[in-house]
Structures are given as structure tokens and as C-alpha cells.
Participant: 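So that we are looking at the same thing, I have put the structure below in C-alpha cells.
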Amino acid sequence: MINPLRGMKDISFDDSARFTHIVKISIEVAKRYGYNYIETPILEETTLFKRSVGESSDIVGKEMYQFVDKGGNDVCMRPEGTAGIVRAFVSAKLDRQAMKHKFYYYGPMFRYERPQKGRLREFHQFGCESFGESSVYEDFTIIGMVAQIFNELNIGYDLLVNSLGCPKCMPVYRINLISFLSVIKNELCEDCNRRIDTNPIRVLDCKNKKCQSLLVDSPKLINNLCAECDEDFKKLTELLGKTDIGYKIDTNLVRGLDYYNKTAFEFISNDIGSQSAIAGGGRYDKLVEYLDGKSTAGVGFALGIERIMELVKIPQSQREGYYMGIMTPDAIDSILLLAVQKRKSNKATVEYKSKGFKSHMKGADKANARYALLIGEDELKNGTVWIKDLDSGEEKTILVDDI
RNA sequence: GUGGAUGUAGUUCAGCUGGUAGAGCACCUGUUUGUGGCACAGGAUGUCGCGGGUUCGAGCCCCGUCAUCCACCCCA
């Protein structure tokens with residue numbers, strides 16, 4: 001027997017119903033905000049992710065499905081969606097227009113990690129990317145859109161927001177932080193010492209208690225933002241405060257991807273295990289330039305469909321359509337042609353095998369059909385069908401022509 | 001990559017100090033060839049993850065391996 005690869009799952013039955021429900025609601029909401037569908041390749045040049053997601057990130061550093069194809073190209077299964085969308089944006093030369101562009105997408109992403117609850121090697125995201133709008137009002141609007149999706153899916157969440165600064169204030173802060181950390185270096189844990197070089201901001205949310213006690217007086221980015229970043233972040237929280245979207249400022253919130261600046265946010269849930277992020281996103285004003293485009297502001301988010309599947313309850317499926325069966329083999333042609341007609345507008349399940357009445361009734365019930373439609377010897381002879389509404393119990397025999 | 005737990009029927013799980021493989025749910029067939037959900041009766045189903053070892057004998061003990069789950073890490 002051949003099983004799916006490690007960390008990869010088949011999605012069917014109840015799961016696929018939840019999956020499509022999440023995608024459907026997300027699309028409906030995104031369309032209301034003016035987003036259009038975009039589909040980009042799953043396989044891209046490895047360079048794309050190195051230059052966008054960043055070589056210092058874990059995603060690029062150790063989690064990529066990377067290989068050389070038969071043409072000798074260094075390629076990679078996409079680990080996230082934004083890089084490909086930005087590449088497509090630049091490829092289509094949309095960066096040379098003054099227009100704003102908004103895209104939504106969904107599909108599989110691949111990361112070579114050790115699987116656990118809520119963490120798969122192949123997983124699915126739904127996401128949106130807004131290009132050409134540098135205003136913080138767009139950040140607010142995007143966060144509101146995610147909140148709306150979750151509200152319509154009827155699931156609870158906590159929202160964390162932070163500002164990561166911009167090329168003016170972030171590098172200055174980073175140097176300050178590194179010098180602060182260097183002083184206490186010997187007392188910090190092994191992981192933190194590694195982080196000082198790779199991603200010093202990560203040291204701030206180390207779970208080690210000793211580290212935390214040493215970090216109480218560390219400089220916080222939120223207090224070292226430049227005037228513009230500070231003003232935008234205040235505006236964002238002010239606006240969020242005026243809505244019913246609850247939020248918490250998390251100064252340690254650092255997204256694992258290098259391209260973010262200014263607004264960063266994460267939606268989390270306490271009900272799905274330790275992998276609690278159900279959506280994340282932020283602003284990436286430099287990313288288009290990194291990928292050889294003309295400087296264009298960008299902001300977006302992605303939500304993890306499998307993680308949200310753990311949270312959504314879908315309503316019990318209603319009885320729908322027809323179950324069609326025969327109790328005399330001669331009636332097979334009649335029932336088939338009837339099904340052809342019915343299927344022009346309704347769901348119809350046909351049992352080809354001639355069976356007893358009771359057996360058909362059980363079959364109709366299992367098929368979750370609203371109506372059982374049967375042809376037996378009498379009906380065949382009279383040119384009629386017997387039909388029963390399985391919800392109301394009402395039944396009648398009518399002429400084939402009157403259906 | 002590190003640590004821990006678990007692999008027995010479609011599924012959830014039992015299986016004693018080693019002695020011929022079990023239950024619930026689900027499934028199939030019946031309960032006057034014409035009334036589903038309910039009830040009753042009957043039935044099918046296993047390379048006990050895989051490979052080796054110990055033993056007269058291994059689902060159980062030992063070694064290896066693979067997979068799953070949980071946590072770290074990281075993230076959706």
C-alpha cells in the first residue's frame with residue numbers, strides 16, 4: 001500500500017466540506033474589498049524565495065523543498081504565497097502603472113518541517129495582497145477583512161499587532177539592541193546566542209525564564225520608531241480601538257519572513273495546540289524593489305486553512321436531490337433517462353441494480369437524498385413513477401411526463 | 001534538527017506473569033419483492049507497522065527500522 005508522504009494529507013468527506021467552506025467565505029469577503037483572483041505557479045526559481053523571504057529565515061534556511069530540475073534549474077516548491085504574487089506583479093510590469101492592484105489567492109504551500117498538530121509539510125493558505133497603497137488605512141482595512149472572515153466563519157481569535165519600523169528606524173534600533181545583548185551575552189541561553197547573529201529581535205521572545213529576566217530593560221522597538229512609523233502605528237491602534245476588533249500590542253511579534261516592515265499582525269487561537277497562528281501578515285514596502293520592480297508599497301496576509309479547519313463547525317448537511325432506483329431490471333433505461341433530465345437542474349443518485357423496495361429506501365436514506373424516486377413493475381407498465389419526500393413522508397405516484 | 005509517547009479489523013480501542021485474535025461503532029444481508037432513520041437476528045473483515053532475535057511457543061520480551069502523534073524550534 002502506498003501512503004501519502006510524511007506531513008501530507010488527503011482531504012475528503014467532512015474535511016473537504018470544511019475546506020471548501022473556508023475558501024468560499026474567504027473569497028466572498030475578499031471580493032467585497034475589491035480583490036481579484038490570481039493563480040501563480042507552485043514551482044519557482046529558488047532565488048525568488050532567497051531574495052524575498054530572506055536567507056536568514058528558517059523557511060529559506062532549512063525548510064525548502066528545493067531541487068535541481070531536468071533542465072538544470074535550481075527550483076523550489078513555494079513555501080508561502082506572497083513572493084510568487086509579487087514576482088507575478090513585477091513580471092506583468094504592473095509596477096510601472098500608477099494603478100492600485102489587489103489580488104487574492106489560495107493553494108498549497110510546502111515546508112520541509114517535522115510535522116505535528118497544525119503543522120504539515122503540505123498545507124493550504126488563503127491570502128490577499130494589496131499593491132500601491134502606502135496608507136496605514138489599508139493596513140487597518142486588511143486587518144478588518146481578516147477579522148470579518150473569521151467572524152463569518154464563526155470562530156474566535158486573538159489579534160496581536162506590532163510595528164517593525166522602516167529602513168530609517170529599524171537598522172538603528174537593531175544596532176542598539178545588539179550592543180545591549182552583547183553585554184549580557186554570556187548569561188543568555190545557547191539559542192539566544194545564536195539568534196544574536198541571525199535574528200536578534202527573536203531574542204526578545206525567548207521562553208527561557210533567565211533570559212526574560214535579563215531582557216526586562218532591553219530597548220523596545222516600539223519606543224524607538226521614527227516619527228512616521230510611530231504616527232502610523234498610533235493611527236492603526238486608534239482605528240482598531242474604534243471597532244469591535246479586540247487587539248493586543250505584542251512588541252515581541254516578529255514575523256519569520258524578512259520582507260515585512262511597519263505593521264505586522266497575527267491572529268491566534270488557543271484551541272488548536274501549540275501551533276496557534278491562524279493568520280498572519282503585514283506591510284512589505286520594499287519587497288517589490290527586492291524583486292527588481294519599481295518601488296511599490298504592499299500589504300497583505302495569509303491564513304492557514306488546515307488550522308482553521310480545526311475550528312469551524314459546518315451545519316449538518318440537508319437532504320438534497322433525488323435517489324433513483326428500480327425494482328424490475330426492465331426499468332433501467334427509463335430511470336437512466338429520467339436522471340439525465342433531472343440532472344439538468346438537480347442532484348440525482350442512481351442505483352443501477354434492481355433491488356427490493358426496502359433496500360432502496362435504505363439506499364435513499366444513506367445517499368442523504370430528499371426524494372426517493374422508484375420504478376417497479378406496476379409503474380413501468382403504467383408509465384408512472386413513485387416518489388416520496390423523505391423529510392415530510394409525503395408520497396405519490398405520478399406520470400413520468402409530469403415530473 | 002532535538003526530546004517523549006504510540007503502532008492490533010474500515011474506525012475507536014481491549015488483549016493478564018509469553019500458550020490458537022476480541023469488543024463497541026461503522027459496513028453487508030435478512031426480519032412477507034412495496035415504506036428509510038429505530039429495533040431484532042445473522043454475516044464479512046486482520047501479514048497484530050515492517051525486519052531480525054530470544055523461546056517448544058511472541059500481539060506481549062530484546063534489537064533495529066519505518067510511520068503517526070505531542071512538545072521544542074519555527075510558523076499559517
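Every chain is numbered from 1, with letters handed out A, B, ... down the list of sequences.
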Participant: Would you mind reading off the distance between Asp158(A) atom CG and rA76(B) atom C1', rounded to a whole angstrom?
Facilitator: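 Distance check: Asp158(A) CG to rA76(B) C1' gives 16 Å.
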Participant: Could you run through RNA chain B and flag its stems, i.e. three or more consecutive Watson-Crick or G-U pairs with both distances under 3.5 Å?
Facilitator: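 Listed by first number, the stems are B:1-7 with B:66-72, B:10-13 with B:22-25, B:27-31 with B:39-43, B:49-53 with B:61-65.
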Participant: Just the table, please: protein N/O against nucleotides 25-32 of chain B N/O, every pair under 3.5 Å.
Facilitator:
from	atom 1	to	atom 2	distance (Å)
rC28(B)	OP2	Lys366(A)	NZ	3.3

Participant: What I want to check is whether an N or O donor and acceptor connect the side chain of Glu379(A) with the base of rG34(B) at under 3.5 Å.
Facilitator: yes
Participant: Between Lys248(A) and Asp250(A) (salt bridge meaning N to carboxylate O under 4.0 Å), is one present in this structure?
Facilitator: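 No, no charged N to carboxylate O under 4.0 Å.
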Participant: Output yes when a side-chain donor or acceptor of Ser135(A) lies under 3.5 Å from a complementary backbone atom of Glu133(A), and no otherwise.
Facilitator: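 No; judged by distance alone, with no hydrogens or angles, the pair does not exist.
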Participant: Give one of base, sugar-phosphate or nothing for Glu310(A), where a contact means two heavy atoms less than 4.0 Å apart.
Facilitator: nothing
Participant: Inspect the contact between Lys9(A) and Glu306(A) and indicate whether a charged nitrogen and a carboxylate oxygen are less than 4.0 angstrom apart.
Facilitator: no
Participant: Side chain of Ser57(A), backbone of Val60(A): donor and acceptor closer than 3.5 Å?
Facilitator: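 The answer is yes, because a donor-acceptor pair under 3.5 Å joins these two groups.
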Participant: Counting heavy atoms from C-beta on, name the nucleotide in rA76(B), rG34(B), rU35(B) closest to the side chain of Glu266(A).
Facilitator: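 Nearest to the side-chain atoms of Glu266(A), counting from C-beta on, is rA76(B).
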Participant: Using the C1' atom in both, what is the distance from rU33(B) to rU12(B), to the nearest Å?
Facilitator: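 Looking at atom C1' only, rU33(B) and rU12(B) are 38 Å apart.
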Participant: Does Lys102(A) come within less than 4.0 Å of Glu138(A), counting only side-chain N to carboxylate O?
Facilitator: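 Counted as a salt bridge, because a side-chain N and a carboxylate O are separated by less than 4.0 Å.
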Participant: With a 4.0 Å cut-off on heavy atoms, is Leu390(A) in touch with a base, just the backbone sugar-phosphate, or nothing at all?
Facilitator: base
Participant: Nearest whole Å is fine: how far is rG36(B) P from Leu374(A) CG?
Facilitator: 12 Å
Participant: Phe126(A) and ring-ring contact (aromatic ring centres under 6.0 Å, His included): which partner among Phe103(A), Tyr37(A), Phe19(A), Tyr104(A)?
Facilitator: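 With Phe126(A) as partner, ring-ring contact (aromatic ring centres under 6.0 Å, His included) holds for just one option, Tyr104(A).
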Participant: Charged N to carboxylate O under 4.0 angstrom, Lys234(A) versus Asp230(A)?
Facilitator: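 Here Lys234(A) pairs with Asp230(A) in a salt bridge, since their nearest N and O are under 4.0 Å apart.
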Participant: What's the CG-P distance between Asp365(A) and rC38(B), to the nearest Å?
Facilitator: 8 Å
Participant: If we take the P atom in both rC28(B) and rC73(B), what is their distance in whole Å?
Facilitator: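 These two P atoms come out 48 Å apart once rounded.
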Participant: Quick check: on RNA chain B, is the nucleotide nearest Ala302(A) upstream (toward 5') of the one nearest Gly273(A), or the reverse? Name the residue that is more 5'.
Facilitator: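 The answer here is Gly273(A).
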Participant: How far, in whole Å, is rC62(B) from rA67(B) if one measures between their P atoms?
Facilitator: 22 Å
Participant: Would you call Asp232(A)-Lys235(A) a salt bridge at under 4.0 Å N-O?
Facilitator: no
Participant: Students often get this wrong, so: under 4.0 angstrom with heavy atoms, is Gly81(A) touching a base, only sugar-phosphate, or nothing?
Facilitator: nothing
Participant: Between rU6(B) and rC60(B), how far is it from one P atom to the other, in whole Å?
Facilitator: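 That atom pair is separated by 15 Å.
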Participant: Among rG34(B), rC73(B), rC72(B), which nucleotide has an atom closest to any side-chain atom of Gln275(A)?
Facilitator: rC73(B)
Participant: Roughly how many Å is it from CG in Leu160(A) to P in rA76(B), rounded to a whole number?
Facilitator: 13 Å
Participant: Rounding to a whole Å, what distance do you find between Leu373(A):CG and rG34(B):P?
Facilitator: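 Leu373(A) atom CG is separated from rG34(B) atom P by 18 Å.
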Participant: Are Glu152(A) and Arg32(A) ion-paired here, with the side-chain N under 4.0 Å from a carboxylate O?
Facilitator: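 Result for this pair is yes, salt bridge flagged.
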Participant: Which heavy atom of Ser26(A) sits nearest to which heavy atom of Leu303(A), and what is that distance?
Facilitator: OG-CD2, 4.3 Å
Participant: Distance criterion of 3.5 Å, no angle test: do you see the side chain of Glu395(A) paired donor-to-acceptor with the base of rU35(B)?
Facilitator: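 It does, because a donor-acceptor pair links the side chain of Glu395(A) to the base of rU35(B) below 3.5 Å.
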Participant: Say you pick atom C1' in rC27(B) and the same atom in rA9(B); how far apart are they, in whole Å?
Facilitator: 12 Å
Participant: Main chain of Pro79(A), side chain of Arg111(A): is a donor-acceptor contact present, judged purely on distance under 3.5 Å?
Facilitator: yes
Participant: Enumerate the residues from residues 112-123 of chain A whose closest heavy atom to RNA chain B is under 4.0 Å, giving them by residue number; use none for an empty result.
Facilitator: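 Under 4.0 Å from RNA chain B: Glu113(A), Arg114(A), Gln116(A), Lys117(A), Gly118(A), Arg119(A), Leu120(A), Phe123(A).
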Participant: Considering only NZ, NE, NH1 and NH2 on the basic side and carboxylate oxygens on the acidic side, decide whether Asp365(A) and Arg319(A) come within less than 4.0 Å.
Facilitator: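 Salt bridge between Asp365(A) and Arg319(A), a charged N being under 4.0 Å from a carboxylate O: yes.
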Participant: Is Asp139(A) salt-bridged to Lys262(A), cutoff N-O under 4.0 Å?
Facilitator: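 Salt bridge between Asp139(A) and Lys262(A), a charged N being under 4.0 Å from a carboxylate O: no.
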Participant: Please state how far atom CZ in Arg319(A) lies from atom C1' in rG36(B), giving the value in whole angstrom units.
Facilitator: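 Taking CZ of Arg319(A) and C1' of rG36(B), I get 7 Å after rounding.
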Participant: Round to a whole Å and report the spacing from CG of Leu204(A) to C1' of rC73(B).
Facilitator: 17 Å
Participant: Heavy atoms only, 4.0 Å cut-off, all strands: where does Ala279(A) land among base, sugar-phosphate and nothing?
Facilitator: sugar-phosphate
Participant: Please classify the nucleic acid contact of Gly280(A) as base, sugar-phosphate, or nothing, using heavy-atom distances under 4.0 Å.
Facilitator: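 Sugar-phosphate: the residue Gly280(A), judged by heavy atoms under 4.0 Å, touches backbone atoms but no base.
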